[in-house]
Every structure is written in structure tokens, then in C-alpha cells.
Visitor: 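First the structure, which I've put down as C-alpha cells, then a few questions once you've had a look.
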Amino acid sequence: VCSSRGRQYRTAAARQFLTWATQHDAEVIVVPTHGRRGFERFRLGSFTELLITHSTIPILTLNAATRVPEKVSTLAFPTDLSKDSKAGLEGAIELARRFGAKLKLIHVGVLPSVPVYGTEFTYGVSADVLAKVYEEAEMDQRRMGLDWAEDVRKRGIEAEFIYAERGEALGERLSELASKNGADLVYLPASHGPFEQMFLGGTIRDVLATAEQPVLVVRTKSEPQSQL
């Protein structure tokens with residue numbers, strides 16, 4: 001009962017705050033994150049997560065480990081190379097232009113998930129064939145990312161595509177790569193449907209909890225505002 005009441009209170013507070021921010025023409029909302037993880041965070045949510053889920057105003061998040069830069073010289077754009085991510089890239093390009101910053105497109109490889117258990121054949125497909133499938137998938141992703149970076153450069157923004165192998169936790173891996181590549185700010189376009197809430201949303205939450213840089217979460221313009 002307490003958990004239910006707590007969520008109702010946070011939902012009402014988020015609704016009231018977003019109404020106020022919209023009425024005052026806020027261009028960005030700055031909020032702290034507590035970095036909670038696991039089932040408890042997923043079950044209860046947080047005020048910050050409610051804002052991210054429902055706000056059409058960009059959300060800038062800061063966690064306990066965040067280092068606030070004096071200047072944004074490098075902007076990190078984590079991407080899964082999907083159509084939705086390509087749409088979100090437009091906002092990152094515009095922001096990089098405003099800051100005069102370089103743009104780092106960061107992609108963690110997603111390879112076909114057919115397991116090989118050390119046997120010669122799996123599901124009728126040989127290990128050699130599967131290795132070839134993995135190699136081609138990686139090449140396709142690298143090629144697409146390099147094309148995206150080239151398109152950005154043609155628009156006058158210094159850009160680089162970074163491909164990395166996936167670790168155990170995707171969100172933490174993205175945060176690690178952002179720091180390794182000198183990012184001052186992480187730009188995350190967000191989707192808010194049920195599927196994204198369960199999967200992509202989990203990645204976003206992990207980035208918010210682990211990033212050493214401020215994270216700007218932006219909803220693409222084509223998405224309708226969710227109702228609290």
C-alpha cells in the first residue's frame with residue numbers, strides 16, 4: 001500500500017511539475033538521478049523516470065558520479081543504428097552545431113543470437129557458417145555506422161563512428177565508451193511505447209545511473225506525449 005501511495009504521489013508531482021514547466025516555456029529540465037538498480041527500481045520507478053517517460057521537454061540528468069564540463073567539446077550519441085535512432089540523430093547534430101562540438105556515434109555490436117555449444121553443428125548450421133554470419137553482421141553494422149558518420153561530416157560537423165563488442169550490461173558499456181572517448185555530454189533519444197519501456201528503457205536507465213557525464217534525454221518530435 002505504501003509503495004502504491006508513493007507512486008501515486010510521484011505521478012501527481014511529475015504531472016504538476018511538467019504542467020508548470022510547459023506553462024513557463026522551459027527548454028530543458030535538469031534533474032538528479034539516484035542510481036538505483038535492480039527489481040526495486042523497476043517496480044517502484046522514480047520521479048526522474050516519470051519525467052523522462054512523459055515529458056516532451058528534454059531532460060538533463062546528473063548522477064552522483066557526474067562531472068559537469070565547463071564546455072561541451074565532444075557529444076556522445078549511443079545508437080542501435082535503427083530508423084528511430086537515425087531520426088534522433090538529427091537532434092544530436094543540431095546540438096553539436098550549437099556547441100561547436102564533435103559528434104561521437106557509439107554502437108555496441110548486436111550479432112545474431114544463435115548459440116554454438118562447442119559442437120560442430122547447431123540447429124543444422126555448422127559453426128563455420130555461423131562464424132561467417134557473425135562476421136557479415138558486424139561488417140554490415142560497421143559499414144552503416146561509417147556511412148552515418150560520413151553523412152554528419154557532409155553537414156559540417158566533425159564526426160566519428162565507434163564500434164565496440166557488447167559487454168554483459170549494455171547501458172554500462174555505453175557509459176564506459178562515452179568516457180573512454182572523451183564525451184562531455186551524452187545525447188539519448190528516447191522512445192516510450194511498452195516494448196521500449198521494457199527493453200530500450202532499461203538501457204536508458206542504466207546509462208543514467210552509470211554515466212560520468214550529464215545525459216540529455218530527448219523525445220523525438222514525431223512521438224505523441226504520454227499521459228500521466
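The figures here come from the full heavy-atom set of this structure, side chains too, leaving out hydrogens, waters and symmetry mates.
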Visitor: Would you be so kind as to tabulate the donor-acceptor pairs closer than 3.5 Å made by side chains of residues 179-187, with sequence neighbours excluded?
Guide:
from	atom 1	to	atom 2	distance (Å)
S179	OG	S175	O	3.4
S179	OG	E212	OE1	3.2
S179	OG	Q213	NE2	2.9
N181	ND2	L177	O	2.8
D184	OD2	S73	N	2.8
D184	OD2	T74	N	3.0

Visitor: For the CD1 atom of I162 and the CG atom of L146, what is their distance to the nearest 0.5 Å?
Guide: 11.0 Å

Visitor: Tell me the closest heavy-atom pair linking A149 and A159, and the distance in Å.
Guide: O-CB, 3.8 Å

Visitor: Can you tell me how far apart CD (E176) and CD (E172) are? Round to the nearest 0.5 Å.
Guide: 9.0 Å

Visitor: Pair I106, F77 - check side-chain contact (heavy atoms from CB on, under 4.5 Å), show working.
Guide: CA-CA 6 Å; I106 301 176; F77 179 75; over 6 Å; no

Visitor: Write down the atom of A164, the atom of R173, and the distance for their closest heavy-atom approach.
Guide: CB-NH2, 3.6 Å

Visitor: Side-chain contact, heavy-atom cut-off 4.5 Å: L75 with L216?
Guide: no

Visitor: Counting only heavy atoms from other residues, nucleotides and ligands, does the tally under 6.0 Å from CD of E158 exceed 12?
Guide: no

Visitor: To the closest 0.5 Å, what do you measure between CG (L103) and CZ (R153)?
Guide: 10.5 Å

Visitor: Nearest 0.5 Å, what's the OG1-CD distance between T79 and Q141?
Guide: 10.5 Å

Visitor: How close do A211 and N63 get, counting heavy atoms only, and between which atoms?
Guide: O-ND2, 2.9 Å

Visitor: Using the side-chain contact (heavy atoms from CB on, under 4.5 Å) rule, take F17 and S55 through it: C-alpha gap first, then chi angles, then the decisive distance, then the call.
Guide: CA-CA 10 Å; F17 181 81; S55 177; over 6 Å; no

Visitor: State, yes or no, whether a side-chain contact exists between M139 and R142 at a heavy-atom distance under 4.5 Å.
Guide: no

Visitor: If you compare all heavy atoms of A76 against all heavy atoms of P78, which two are closest, and at what distance to 0.1 Å?
Guide: O-CD, 3.6 Å

Visitor: Does this structure show an ion pair linking E90 with R155, if we count only N-O contacts that are shorter than 4.0 Å?
Guide: yes

Visitor: Quick one: are V215 and V207 in side-chain contact, heavy atoms under 4.5 Å?
Guide: yes

Visitor: So do the side chains of V108 and L174 get within less than 4.5 Å of each other, counting heavy atoms only?
Guide: yes

Visitor: Could you pull out the closest heavy-atom pair between I57 and A26, with the gap in Å?
Guide: CG2-O, 3.7 Å

Visitor: For the NZ atom of K104 and the CZ atom of F161, what is their distance to the nearest 0.5 Å?
Guide: 13.0 Å

Visitor: Are L170 and D206 side-chain neighbours, meaning at least one heavy-atom pair lies under 4.5 Å?
Guide: no

Visitor: With the side chain counted from C-beta on, respond yes when T19 and T22 share a heavy-atom pair under 4.5 Å apart, and no when they do not.
Guide: no

Visitor: Could you go through the side chain to side chain donor-acceptor pair (under 3.5 Å) check for S82 and D84 one step at a time?
Guide: CA-CA 5 Å; S82 65; D84 287 342; 5.2 Å; no

Visitor: Measure the CG-OG1 distance between L18 and T56 for me, rounded to the nearest 0.5 Å.
Guide: 7.5 Å

Visitor: Considering all heavy atoms of both residues, which atom of L81 and which atom of G145 are nearest to each other, and what is their separation?
Guide: CD2-CA, 4.1 Å

Visitor: I'd like to check Y163 versus E138 (side-chain heavy atoms, cut-off strictly below 4.5 Å). Are they in contact?
Guide: yes

Visitor: Quick one: does L51's side chain get under 4.5 Å of V31's, heavy atoms only?
Guide: yes

